[in-house]
Trainee: 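This is the structure I have questions about; it appears just below.
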Amino acid sequence: MTTNLTQEKGLFDIIGDIHGCFDELYQLLSKLGYGLHNDGNHYLVTHPQQRKVIFVGDLVDRGPKTPEVLRLVMDMVETGIAICVNGNHDDKLKRYLQGHNVKVAHGLEESITQLSCESAAFKERVLNFLAHLPSHCVVDGGKLAIVHAALKEAYMGRESASIRAFCMYGPTTGEIDHYGLPVRYPWAQDYQGNTLIVYGHTPIPDPQWINNTINIDTGCVFGGKLTALRYPEKELISEKAAQIYCVPTKPIEA
Ligand SMILES: [Mn+2]
C-alpha cells in the first residue's frame, strides 16, 4: 500500500464519498466514458482514453448497496484502472471484520446487514482489500495528492499510524458541537502547498475550492450527488442521488 505513486500521470477521475451508492457510481462512471462489463463474476472496466479512477474512500456504510460498490471498486483496483485511499468508514468496517469490538453506528449496521448475504470468501476478500488501502496517494510527479479527510505537505508520500489517523479523520479543534460531534478544524484555509489536494469526508452541497484544495464529497447518500473531478482538466461531473438514503446527523452546511 504505497502512498508514493508519483510516476502515475493520469488522466484521472477522482470520485468522492460513495457510501454504498452503487447505482449513482455506475451512472457516474458511464457518464465519464468508462465501459463497464460484467461476466457474472467480475467487472471489467475500461476507458477509451486510458483514464484512471482515484477514490477518496468511504466506499461503505449508510447506503443501500455496499457489497456491490466493494465488488466493483475491488475489481477496478485489482485490474489497475483504479486507486483507492482509506476512509474512516472503510477503516471501521475493516476493524469490525477483524473481530474488533467497534460501535455499530453511523451506517455500519447497513454494511453488516448487507454483507451477511455474502459468502465467507467475499468477506475475506473485502477484509484483505480494506487492510491494504493507503492513507493517501501522491501522483503526477507530486502535483496531485488524494486523501480522505486532510493532508499536510510534511505527510505526503509517508505512512505512519499518526499520519493514517490524520488522513482519515482530519484535524479537530478539541470541541464537541451540540450534535455531539467533534468540531472539524478548517485545515484547507491554512494550506499553502503547490500540490493540489483532492479530498472528501465532510459533505457539502457543491464541491468547494479552498487554496490549492478541493472537497468533492457532495453527500450522495444524503440525497446530494456523487461528484468526480477530472484531472488535469479540473472539470466537475456529478450524478444526482436517486433518493435520500440516509438523513444526516446534522444539517449539511454550505
Ligand atoms: Mn464520508
Trainee: Just wondering, are more than 12 heavy atoms of other shown residues or ligands nearer than 6.0 Å to CG in Asp39?
Mentor: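 It does: Asp39 CG has more than 12 such atoms within range.
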Trainee: Are the aromatic ring centres of Phe222 and Tyr245 under 6.0 angstrom apart?
Mentor: no
Trainee: Near Gln98 CD, under 6.0 Å, is it more than 12 heavy atoms from other residues, nucleotides or ligands?
Mentor: yes
Trainee: Quick one: do Tyr231 and Asp140 satisfy side chain to side chain donor-acceptor pair (under 3.5 Å)? Show the steps, please.
Mentor: CA-CA 10 Å; Tyr231 178 91; Asp140 193 19; 2.6 Å; yes
Trainee: Taking all atoms of both residues into account, what is the closest heavy-atom pair of Cys167 and Val147, and its distance?
Mentor: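 That closest heavy-atom pairing would be CB-CG2, 3.5 Å.
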Trainee: Determine whether more than 12 heavy atoms belonging to other residues, nucleotides or ligands lie under 6.0 Å from atom CD1 of Ile244.
Mentor: no
Trainee: Does the side chain of Asn86 come under 3.5 Å of the side chain of Ser135 through a donor N or O and an acceptor N or O?
Mentor: no
Trainee: Looking at the rings of Trp187 and Phe166, which for Trp means the six-membered one, are their centres under 6.0 Å apart?
Mentor: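 That pair fails the under 6.0 Å test.
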Trainee: Around atom NZ of Lys250, are there more than 12 heavy atoms from other residues, nucleotides or ligands closer than 6.0 Å?
Mentor: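 Yes, because the 6.0 Å sphere around NZ of Lys250 holds more than 12 heavy atoms from other groups.
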Trainee: Can you find a side-chain donor-acceptor pair between Tyr96 and Asn101 that sits under 3.5 Å?
Mentor: no
Trainee: Would you check if there is a donor-acceptor pair between the side chains of Tyr43 and Glu78 at a distance under 3.5 Å?
Mentor: no
Trainee: Should the pair Asp13-Lys52 be classified as a salt bridge under the 4.0 Å nitrogen-to-oxygen rule?
Mentor: no
Trainee: In terms of side-chain geometry, is the basic nitrogen of Asp206 or Lys225 positioned less than 4.0 Å from the acidic oxygen of its partner?
Mentor: yes
Trainee: Between His89 and His19, does the ring centre distance come in under 6.0 Å?
Mentor: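 Yes; His19 has its ring centre under 6.0 Å from that of His89.
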Trainee: Group every Ile, Leu, Val, Met, Phe, Trp and Tyr by side-chain heavy-atom contacts under 4.5 Å, then state whether Ile163 and Leu5 land in the same group.
Mentor: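 No: no chain of side-chain contacts under 4.5 Å links Ile163 to Leu5.
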Trainee: Examine distances only and state if a side-chain atom of Thr195 and a backbone atom of Gly142 form a donor-acceptor pair shorter than 3.5 Å.
Mentor: yes
Trainee: Begin with the C-alpha distance, continue with both residues' side-chain angles, and end with the deciding distance and a verdict on side chain to side chain donor-acceptor pair (under 3.5 Å) for Asp190 and Tyr185.
Mentor: CA-CA 10 Å; Asp190 298 338; Tyr185 180 79; 2.6 Å; yes
Trainee: What distance separates Leu36 CG from Tyr34 OH, expressed to the nearest 0.5 Å?
Mentor: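 With rounding to 0.5 Å, CG (Leu36) is 10.0 Å from OH (Tyr34).
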Trainee: Is there side-chain contact between Asp17 and Ile216, with at least one heavy-atom pair below 4.5 Å?
Mentor: no
Trainee: Which heavy-atom pair separates Cys137 from Ile54 by the least distance, and what is that distance?
Mentor: SG-CG2, 4.1 Å
Trainee: Locate the shortest heavy-atom distance separating Val198 from Ile14; write the atom from each residue and the value.
Mentor: CG1-CG2, 3.6 Å
Trainee: May I ask you to decide whether Arg71 forms a salt bridge with Glu118, counting only side-chain N to carboxylate O separations under 4.0 Å?
Mentor: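 Salt bridge flag = yes for Glu118 with Arg71.
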Trainee: Are Glu24 and Lys31 ion-paired here, with the side-chain N under 4.0 Å from a carboxylate O?
Mentor: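 Looking at Glu24 and Lys31, the cut-off is not met.
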Trainee: For a quick test of reading the model, state the closest non-hydrogen atom pair linking Leu28 to Ile237 and the distance between them.
Mentor: CD1-O, 3.6 Å
Trainee: Go through the side-chain N and O atoms of His148 and Asn88 and say whether any donor and acceptor fall under 3.5 Å apart.
Mentor: yes
